[in-house]
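The structure appears below as structure tokens.
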Amino acid sequence: MNNDQKYQRIWQTVQKIPAGKVASYGQIADLAGLPGRARLVGKSLGYVPKELLVPWYRVLRSSGQLAFPKGSEQSQLQTGLLQQEDVVVLNNRVRLREFLWQPDLAELLFSLEF
DNA sequence: GTATTGACTTCAT
DNA sequence: AATGAAGCCAATA
């Protein structure tokens, strides 16, 4: 399996995150069938083609922290996009107890059909 | 080949 | 709660 395919799977998986919810890099890696590859997920989100419409901003660290430093250009953009869908971002962090995406696995894996 | 890098995660302070 | 070390692993160089 080549890189493009891995990236495609990651992007597809990220597209399944519903508006108003967030997921962690590691979680997306697992769901995409690439366990242990959290860092690859981050990398691939930097490569999303602009015409593809992947909600990269719904992906955060396992701690709920945004991946970018507080106050950075990117973190501000991400915060804005999340707040547009009523996700509360406080101090560069999202409350996972409230906003973490918890998909039905059987349904999700079927809908992905790798 | 080896070495470094990183939109990460976990565990121990 | 915050910080840092160690672990992680594919992609690059």
**Prompt:** Taking atom CE of A:Met1 and atom NZ of A:Lys6, what is their separation to the nearest 0.5 Å?
**Reply:** 7.5 Å
**Request:** Ignoring backbone atoms, test whether A:Tyr47 places a side-chain nitrogen or oxygen under 4.0 Å from the OP1 or OP2 oxygen of C:dA10.
**Result:** no
**Prompt:** Picking from A:Val54, A:Val41, A:Leu31, what satisfies side-chain contact (heavy atoms from CB on, under 4.5 Å) with A:Ile10?
**Reply:** A:Val41
**Prompt:** With hydrophobic residues grouped by side-chain heavy-atom distances under 4.5 Å, do A:Leu105 and A:Leu112 end up in a single group?
**Reply:** yes
**Asked** Rounding to a whole Å, what distance do you find between A:Asp30:CG and C:dC8:P?
**Response** 16 Å
**Prompt:** Once you round to the nearest 0.5 Å, how far does OH of A:Tyr7 lie from CG of A:Leu34?
**Reply:** 10.5 Å
**Request:** Decide yes or no on side chain to side chain contact (heavy atoms under 4.5 Å, CB included) for A:Gln78 and A:Trp56, but give the supporting numbers first.
**Result:** CA-CA 9 Å; A:Gln78 184 169 17; A:Trp56 57 269; 4.1 Å; yes
**Complete:** Expected list for residues 80-98 of chain A near DNA chain B, using heavy atoms below 4.0 Å, is none
**Asked** Could you state the CD-P distance from A:Gln65 to C:dA2, rounded to the nearest angstrom?
**Response** 8 Å
**Prompt:** Rounded to the nearest Å, what distance is computed from the CD1 atom of residue A:Ile17 to the P atom of nucleotide B:dA7?
**Reply:** 18 Å
All N/O pairs under 3.5 Å across the protein-nucleotides 2-4 of chain B interface:
none

**Prompt:** Would a 4.5 Å heavy-atom cut-off, applied to side chains only, mark A:Pro103 and A:Lys16 as touching?
**Reply:** no
**Request:** Compare all side-chain heavy atoms of A:Leu82 with those of A:Thr79 and state whether any distance is below 4.5 angstrom.
**Result:** no
**Request:** Check every strand shown and say whether A:Leu45 touches a base, only sugar-phosphate, or nothing at a heavy-atom separation below 4.0 Å.
**Result:** base
**Request:** Would you mind reading off the distance between A:Lys70 atom NZ and C:dA1 atom C1', rounded to a whole angstrom?
**Result:** 14 Å
**Asked** Would a hydrophobic clustering, with Ile, Leu, Val, Met, Phe, Trp and Tyr connected at side-chain separations under 4.5 Å, put A:Leu96 with A:Leu90?
**Response** yes
**Prompt:** Does the side chain of A:Glu85 pick up a donor-acceptor pair with the side chain of A:Tyr57 at under 3.5 Å?
**Reply:** yes
**Message:** Without decimals, in angstroms, what is the distance between A:Leu66 CG and B:dA7 C1'?
**Reply:** 10 Å
**Greater than 12 external heavy atoms within 6.0 Å of A:Glu73's CD** = no
**Asked** Separation of A:Trp11 atom CH2 from B:dA7 atom C1', in whole Å?
**Response** 14 Å
**Message:** Just so I know, are the side chains of A:Arg58 and A:Val14 near enough to count as touching, which here means a heavy-atom distance under 4.5 Å?
**Reply:** no
**Message:** Can you build the contact string for nucleotides 8-13 of chain B? Use B for base contact, S for sugar-phosphate-only contact, and - for no protein heavy atom under 4.0 Å.
**Reply:** BSS---
